[in-house]
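In what follows, a single structure is set out as structure tokens and then discussed.
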Amino acid sequence: MSNTITHRIYDFLKEHPPFNFISKNELHKIAGQVSVIYLENGKVIFQQGENPPEYFYVVRDGAVQLYNEFKAEKVLIDVCDEGDIFGIRPLVSKDQPYTLTAVVLEEALIYKIPTSSFTKIMHSNKGVEHYFSSSFAAGVRNPYAKFSKQRIFDQEDDYLREDFNLSEVQTIQINNNPVTCSVKTKIQEAAIIMRKHKVGSIIVVDERFHPIGIITDRDLRNKVVTGDTCVTCEIEDIMSSPVITSRDEVTAADLQLVMIKNNIHHICITQDGTNKSKLIGIVSEHDILVLHGNNPSVFIRESKRAKDADKLKQIRYRAERLLKKYLKQEVSISYISRIMTEINNTINRRAIEIVIADLLSKGKEILNVKWCWLALGSQGREEQLLRSDQDNALVFADVDEQEYDGIKEYFLLLADGVNKILTECGFDFCPANVIARNPKWCLSLSQWKEQFDKWIYTPGAKEVMYSTIFFDFNPVYGDFELPEKMSEHIFSSIKNQQSFLSFLARNALENPPPLSFFRGFMVEHTGEHKDQFDIKARAMMPLVDGARVLVLAAKIKGINSTIKRYDKLAEVEPENKELYEQLSDAYEIVMRFRAMQGLKHKNNGRYFRPEELNKMQRLMLRNCFRPIKELQTILTVRFNLKMFR
Amino acid sequence: MFNLFKQNSSNEIPDCWNKYLKIFNEKQNLNIPISDAKFVVLDVESNGLDAKKDKILSIGAVKIINNQIDVSNSFELFIDQSEFNPENVPIHGILKNGNNIKVSEQEALKKLVEYLEDYIIVGHSIVFDISIINQTLKRYNCGKLLNKSLDTINLYQRLKGADYKFGDSTSLDKLSDEFKISQSDRHNAAGDALITGILFLKIVTRLKQRGVNTLNDLLRVKKTLL
């Protein structure tokens, strides 16, 4: 047998899943058993209902279409191109006929691989096993968690690797105005200096400004407040000495190691790195934590303290780095979105506080009226990862007619300020102008009720569009009872007007997902090819809209996130549990894709070309389409939508 | 123990050659569908282009049976060189002390004729490959190969018909591009045999659409052009 030829086959296989999961030796053995065939256009490789032979197929070159034939109707199921495997029925279940027909679409060079060489690997190799269960079953359950060694999203994503460890190798920004005192300073004096500079530590220096010791809050707590040492004693009595020092130009990781090793929280930076030279700065553990950016609580604390839009903007940019890191590490999307939502909401809240203070300074006092700032759309659903558009609104309690104008004017001013700060932070205005400074969306409770009723009782295209934005409101700041009342009202109105749900459901069917991907294209159910994929319209919106209408129909209140909505639906409708779980997973996957694409292209990630995806990514995305299609079937049946078509 | 070719020492004809000849005693039926015919696609790398004087460095081959190439039934041998011409090494990438296991020339010829049987030999410029094999066989008191042969260049010219202009390149590289056959490292006998095999399958499929159905039709293609 020829080594060269075996190796060529091996070289090809190793690039494609599931073969990339197989060890070199095993894959070499498999490559040696491959048969190569060449088939012309239109050639039927196998027929639905036929008993499969002892091998399955891999497309080496060309393309193969898979059909399902039902009552003389041919339904296109998939198109396989270079590297795709098909005809895996004999691998998955023995003695079962093919459920599909395979026909050559473009003259194809095909590898036949004997099943015998593969069945053992299938059950012993996690990656391979998972690949088969996910590509064969319709399910997308457990989409990536099982790939311990090989991360699906990693393979081509070097752009993330670039700055992934940035914080670890970055030269740390040191505080080069350290607070110091001399050895002879009294403890009390030192404490006063610390308070004055709002610092938690003070460096004791000699007359040459060489660091000789350090006092921290902890020392004051443990050695002074306890009564062990009196406050009039000299600092020398309680300082930790000698101090740990380091040179300038070291990385955060180095400093952190030194801290861990010496069990300390501060490092003095000196000119030559020893304690026999001039002190130039100090680095605390907190500085490193902030730099790492791996601590969301730091962001939240900082946003709460932010004094202006500029600072908020910085925090939001740093939060994006955290997002990258989380995506890279494949942290669960529900966790990521919870963190990002919390950061966004805190920024939002802080923006409101800043504007209120600003208005106050201009003599406009906050009014004694209950009100609430509402996040809408993706922020309202707690699933805004990237900074896409800002959608928000404001509700205030019902007031006397004569007061109304003055109150509305104040809230419009407030909203205007907040909307501007959020824009500065990178949340663009949405094209539909759904923001709180728009007088249409800054309303009293009764006005909101009226508005909702208008949408619910006379639904048209525009009304349904607004419903999809406004029904996912989430209170951010202010009085949370007002939005609660809005919710109650919506549910009671829908109860009287069930046909509204049909309109919502129909809207959820507007954009069916594509069938599959083929080379650089999406394949539509009609067999048509398109080269750009709109993940928002074709995958996210159908999932979001479907979840919303099902939740409204099931009278489930207070759950806004699409993933949680499907999880809840799985609970209350056990007969569709599996589908809802798949939908929940599907949404997690598409959210992740969108965020990854958005970070890669520095945009909102909505459009991308299928050719940018690797095989495994395409497979995962394709697997999301199937449950979406099923969801749309359920909606069609449940809401009697055939008549609309 | 298989030293059946006693090099130049006597006029003894090796056993394997007699065995090979025996296969041809029976007349080959050429009036069969192409898909029933058996082909060996062959490529020989040598240390020069003079079939009379140069030596075989390696032989690669695949069999096409039922329109299918089985990797497990492929053939690849590297021949230990007594005469070694370093100038040619860069083209072929075969080093005298390279990693590939080498066999003696006799052993290679024995394995080759056993592999060939009476299969139809296919190759790109196959005349050269066959003649250098024949030259080598002669050194071991064997005759010429008796297999029928097909040249993919001729098949290609036939396929092109009037579209083929005299002087157009028919190199394996060029045809691989034209027929969209991916080629990794060229100039390796086995690798080229595989590429040539795929090229053969593609050309034959196209010729079938023009009524070339039997092995006889296919062999005649060659005759009309020669």
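So you know, we letter chains A, B, ... as the sequences are listed, proteins then strands, and number each from 1.
- Here the straight-line distance linking atom CD1 of A:I5 with atom CG of B:D70 works out to 11.0 Å at 0.5 Å rounding.
- Counting heavy-atom neighbours within 6.0 Å of A:E54 CD, excluding the residue itself, gives a total of 12 or less.
- Per-residue heavy-atom pair counts under 4.5 Å with chain A were compared for B:Q68, B:K208, B:Q209, and the maximum is reached by B:Q68.
- Interatomic distance, CG of B:N188 versus CG of A:N3, reported as 10.0 Å (0.5 Å rounding).
- For A:I37, the parts lying under 4.5 angstrom from a heavy atom of chain B are both the backbone and the side chain.
- Within 6.0 Å of the NZ atom in A:K43, the count of heavy atoms belonging to other residues, nucleotides or ligands does not exceed 12.
- Atom-to-atom distance recorded for B:L77:CG and A:S2:OG is 9.5 Å, nearest 0.5 angstrom.
- At a heavy-atom separation below 4.5 angstrom, chain A is approached by no residue within residues 28-36 of chain B.
- Between A:E107 and B:R206, at least one side-chain nitrogen of the basic residue sits less than 4.0 Å from a carboxylate oxygen of the acidic one, meeting the salt-bridge criterion.
- Taking CG of A:L109 as the reference point, atom NZ of B:K180 lies at 13.5 Å (rounded to 0.5 Å).
- No donor-acceptor pair closer than 3.5 Å links the side chain of A:E40 to the backbone N or O of B:T205.
- A:T4 approaches B:G191 most closely through the heavy-atom pair CG2-N, 4.0 Å.
- Taking the side chain as every heavy atom from C-beta outward, B:S72 and A:Q33 never approach each other to under 4.5 Å.
- In this structure, chain A has heavy atoms under 4.5 Å from both the backbone and the side chain of B:K202.
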* Does the side-chain contact (heavy atoms from CB on, under 4.5 Å) test come out yes or no for B:I195 and A:R8, once each step is laid out? -> CA-CA 11 Å; B:I195 291 170; A:R8 278 192 191 176; 3.7 Å; yes
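- If you measure heavy-atom distances from B:L201 to chain A, the contacts under 4.5 Å come from both the backbone and the side chain.
- Within 6.0 Å of atom NZ in A:K14, more than 12 heavy atoms from other residues, nucleotides or ligands are found, so the atom counts as buried in its surroundings.
- In terms of non-hydrogen atom pairs under 4.5 Å with chain A, the most contact-rich of B:S182, B:G60, B:A61, B:G197 is B:S182.
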